[in-house]
Number of protein chains: 2
Amino acid sequence: MTARAHPATIADVAARAGVSQASVSRVLNGKPSVDPEIVRRVRRAVAELGYAPSMAARSLVHGRNQTVAMVVPDLGNPMFQGILEGVSVAAAVDGYRVLVADTVERVDDEEATAVEARQRCDAVVLCAPRLPADRLARLVERIAPVVVVNRQGDVPDVPSVGVDYARGIRDLVGHLVALGHRDLVYLSGPGSSRSNADRLRGIDDARAADASLRVRVLDGGSGLDDGAAAVDAVDAARRDGATAVVAFNDLVALGLLTALRRRGIDVPGELSVAGFDDIPMAAYAAPSLTTLSVPRAELGAQVWTRLRGLIAGEPVAHAVTFRPRLEVRESTAAPR
Amino acid sequence: MTARAHPATIADVAARAGVSQASVSRVLNGKPSVDPEIVRRVRRAVAELGYAPSMAARSLVHGRNQTVAMVVPDLGNPMFQGILEGVSVAAAVDGYRVLVADTVERVDDEEATAVEARQRCDAVVLCAPRLPADRLARLVERIAPVVVVNRQGDVPDVPSVGVDYARGIRDLVGHLVALGHRDLVYLSGPGSSRSNADRLRGIDDARAADASLRVRVLDGGSGLDDGAAAVDAVDAARRDGATAVVAFNDLVALGLLTALRRRGIDVPGELSVAGFDDIPMAAYAAPSLTTLSVPRAELGAQVWTRLRGLIAGEPVAHAVTFRPRLEVRESTAAPR
DNA sequence: CTGTTAGCGCATTCAC
DNA sequence: GTGAATGCGCTAACAG
């Protein structure tokens, strides 16, 4: 077994099998009508040489990579992890792999990252919740084919898959109102984030539909720490009459829950708390968290379906929006 | 602005600038000593044509991708997410990207996945906690350059970075013993997992050092659900005298915590509980979780450092092992 | 300092 | 059905 310094090439295989490179190529790509005898010899040579085709060469010829990029603002967020996993698994079935490009919340070079990622891949999945719509619009046409996540309506003619945050919030508020709450707090997410804007729209809709409803909007964030840090403001609102709080997402709600517990404020006795996303931990919190469930994996799968279509040159598919499902748990109850 | 069907090539740029392809290449790669005038014209042509170099062609010539693969058993695990993020960020600094290959816990085709990933990338980061040592050894030589995570000692001559689980467990048991515990439960992780074996070794060491110490090993798992599902067995042990439980990881501990609460068992009053990993949620649990902190991001950075060295042809660097730091929180206390 | 030439490894014409 | 030639886009020698 002589080890070669450089990996075997198709030429080596051809020589070893005593056939032409073209034949080897045909066999390897399963082209029909190749003499069985040739097939056998080629397969043997391939095995003996431990030959593996060069992806680089193949990419150059085909103009395709079999790789897509997924740019995310923060890999630490369970939401994006879920989508990544969904896309990753779905794409793998079609022989595609996914490259992750974590912009680490640096909105400023999100465009550069996306463009760079596109150069190495056949397409990109863009999660850019904070990129202003006009910049987003310019970006997507530079990096097509692309599908955007949670930017429905911001970029016409670009496939988009996302969550109906406004709808989810309305459902949630409806649940709280039904319990008897009239004075709510919305603990907002990152100010510039599109999905936060969507949630705010849901809040506004709810307010418009019910004049007796009061909702105070407090600054929050998107992580556990942000939720905990908001406890002062939340408690102040509570003493001023608020009876329930809707957090930007589960992480924030969980952080708040802990801070409230430390302060001795009973949830849901003295204050109801709800989140968004239904991350695995939500059901395990104390009290378990009322939240809105979003199908992360399925969302990822849908993203891939659209991306694959685009790569294949199919027309832009319709946008899909998942309606969150209200998951009522212990953290919300009727106010005292 | 005439739009071209096919992206501009270096030949287009050369023609437009009235120079040779070689010159264009030189300018683009920042080769020294190129006539400033030429540089200007090339830059202008590049801008006008919106030229972007083909990574595929470049890869073919260089034999390198500027991409590494990271194969993980489960992207849903915060541990791997953290490492991924660490590697991703560190690699980006050097112009490298990372491809994720989620084997979705399917140990059987872990090898195939890794090999396939290696074919598209310059190197691979291998997280394969359950792959038997002999198969691992054979695998790594097929996919070198590679650095393995948490398989210290299993593959000599392969850079490895990991966590000293045994040491962490000993430190933790020491803490529990100091509190007065003598009868512990170890809620084990996946049976075939190397890191579970390491923890068991830590348990054995502790037992060997202290004959009066009793440790019952119970079957667990690696997720929230596994922890919750173990509550019956844990409670039985408790009634039989056990006063503290060491869970495989934080997820398991958190799941158990919730199940215990539902059963009305006070932690740490009636039972102490500790985890491993110090995931963000650990500090926010009720009660907050005593655990062992491992530097995920730094671990990822170390992985990249080693991988980069290997790619550059440097000799195999020494293995690094991080000693976990004990994080004492509310979930452990002296037994009644 | 610049241009010309020759591959990198493969898939794909086109003749045979 | 098979082989020989051509080119994907780029960089690295080599001349000039």
Side-chain angles (χ1 to χ4, degrees), chain A residues 4-46 49-67 95 116 118-122 311, chain B residues 4-46 49-67 95 116 118-122 311:
Chain A
R4 301 177 50 95
H6 291 298
T9 75
I10 201 173
D12 300 325
V13 177
R16 191 100 149 93
V19 300
S20 72
Q21 298 192 17
S23 292
V24 177
S25 179
R26 292 186 184 105
V27 173
L28 265 41
N29 296 309
K31 297 295 193 217
S33 64
V34 201
D35 188 300
E37 168 59 13
I38 299 243
V39 174
R40 280 217 351 271
R41 289 164 55 193
V42 168
R43 290 208 190 294
R44 212 162 69 90
V46 164
L49 293 167
Y51 166 80
S54 153
M55 289 309 192
R58 187 175 286 215
S59 297
L60 182 56
V61 170
H62 284 134
R64 281 184 293 104
N65 241 347
Q66 302 282 104
T67 304
E116 205 268 346
R118 173 62 178 87
Q119 278 167 220
R120 322 160 94 92
C121 300
D122 300 343
I311 293 174
Chain B
R4 299 178 51 97
H6 291 299
T9 76
I10 203 174
D12 299 326
V13 176
R16 190 102 149 91
V19 300
S20 73
Q21 298 192 18
S23 292
V24 176
S25 179
R26 291 185 184 105
V27 173
L28 265 40
N29 295 311
K31 298 294 195 220
S33 64
V34 201
D35 188 299
E37 168 59 14
I38 299 241
V39 174
R40 279 218 349 272
R41 287 163 56 190
V42 168
R43 291 207 191 293
R44 211 163 68 90
V46 166
L49 266 41
Y51 167 79
S54 153
M55 288 312 193
R58 187 177 286 214
S59 297
L60 181 56
V61 169
H62 283 138
R64 282 185 291 103
N65 240 347
Q66 302 282 106
T67 303
E116 205 267 345
R118 173 61 179 87
Q119 276 167 222
R120 324 160 91 92
C121 299
D122 300 343
I311 294 173

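These numbers were taken from a predicted model, which means no experiment stands behind them. Within every chain, numbering begins at 1; the chains are lettered A, B, ... in the order of the sequence lines, protein sequences first and strands thereafter.
- Remark: P of C/dC10 and NZ of A/Lys31 are 15 Å apart, rounded to the nearest angstrom.
- One finds a side-chain N or O of A/Arg58 lying less than 4.0 angstrom from the OP1 or OP2 phosphate oxygen of C/dA11.
- Of the two residues near DNA chain C, A/Ala22 and B/Ile38, the one whose nearest nucleotide lies more 5' is B/Ile38.
- Checking C/dG7, D/dG1, C/dA11 against the side-chain heavy atoms of A/Ser33 singles out D/dG1 as nearest.
- A/Val24 comes within 4.0 angstrom of nothing in the nucleic acid, heavy atoms only.
- B/Val34 is not listed as a side-chain neighbour of B/Val42, based on a closest heavy-atom distance of 4.5 Å or more.
- One can place CZ of A/Arg40 at 13 Å from P of D/dT2, the figure rounded to the nearest angstrom.
- Atom CG in A/Leu60 sits roughly 9 Å away from atom P in D/dC8 (whole-Å rounding).
- Using a 4.0 Å heavy-atom cutoff across all strands shown, A/Ser25 reaches at least one base atom of the nucleic acid.
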Under the side-chain contact (heavy atoms from CB on, under 4.5 Å) criterion, do A/Glu37 and A/Arg40 qualify, and how do the steps go?
CA-CA 5 Å; A/Glu37 168 59 13; A/Arg40 280 217 351 271; 2.8 Å; yes
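- Within 4.0 Å (heavy atoms only), A/Leu28 reaches no atom of the nucleic acid at all.
- Rounded to the nearest 0.5 angstrom, A/Arg64 CZ and A/Arg58 CZ are separated by 10.5 Å.
- Rounded to a whole Å, the CD atom of A/Gln21 is 16 Å from the C1' atom of C/dC14.
- OP1 or OP2 of D/dG3 lies within a sub-4.0 Å distance of a side-chain N or O belonging to A/Ser20.
- Atom CZ in A/Arg64 sits about 12 Å away from atom P in C/dA11, given to the nearest Å.
- Separating the P atom of D/dT6 from that of C/dT5 is a span of 16 Å, rounded to the nearest Å.
- Separating the CE atom of A/Met55 from the P atom of C/dC10 is a distance of 11 Å, rounded to the nearest angstrom.
- Residues B/Arg26 and B/Tyr51 each lie close to DNA chain D; by heavy-atom proximity, the contact nearer the 5' end of the strand is made by B/Tyr51.
- Residues A/Ser54 and A/Ala57 approach most closely at OG-N, 3.0 Å, considering heavy atoms.
- Separating the CG atom of B/Asp35 from the P atom of D/dG16 is a distance of 22 Å, rounded to the nearest angstrom.
- A straight line from CG of A/Asn29 to P of C/dC10 spans 11 Å, rounded to a whole angstrom.
- Put simply, B/Ser23 has a side-chain N or O that comes within less than 4.0 Å of OP1 or OP2 on C/dG3.
- Each of C/dC1, D/dT11, C/dG9 was ranked by its minimum atom distance to the side chain of B/Ile10; first place goes to D/dT11.
- With A/Val19 as the fixed residue, the side chain to side chain contact (heavy atoms under 4.5 Å, CB included) test singles out one of A/Val27, A/Val24, A/Val13: A/Val24.
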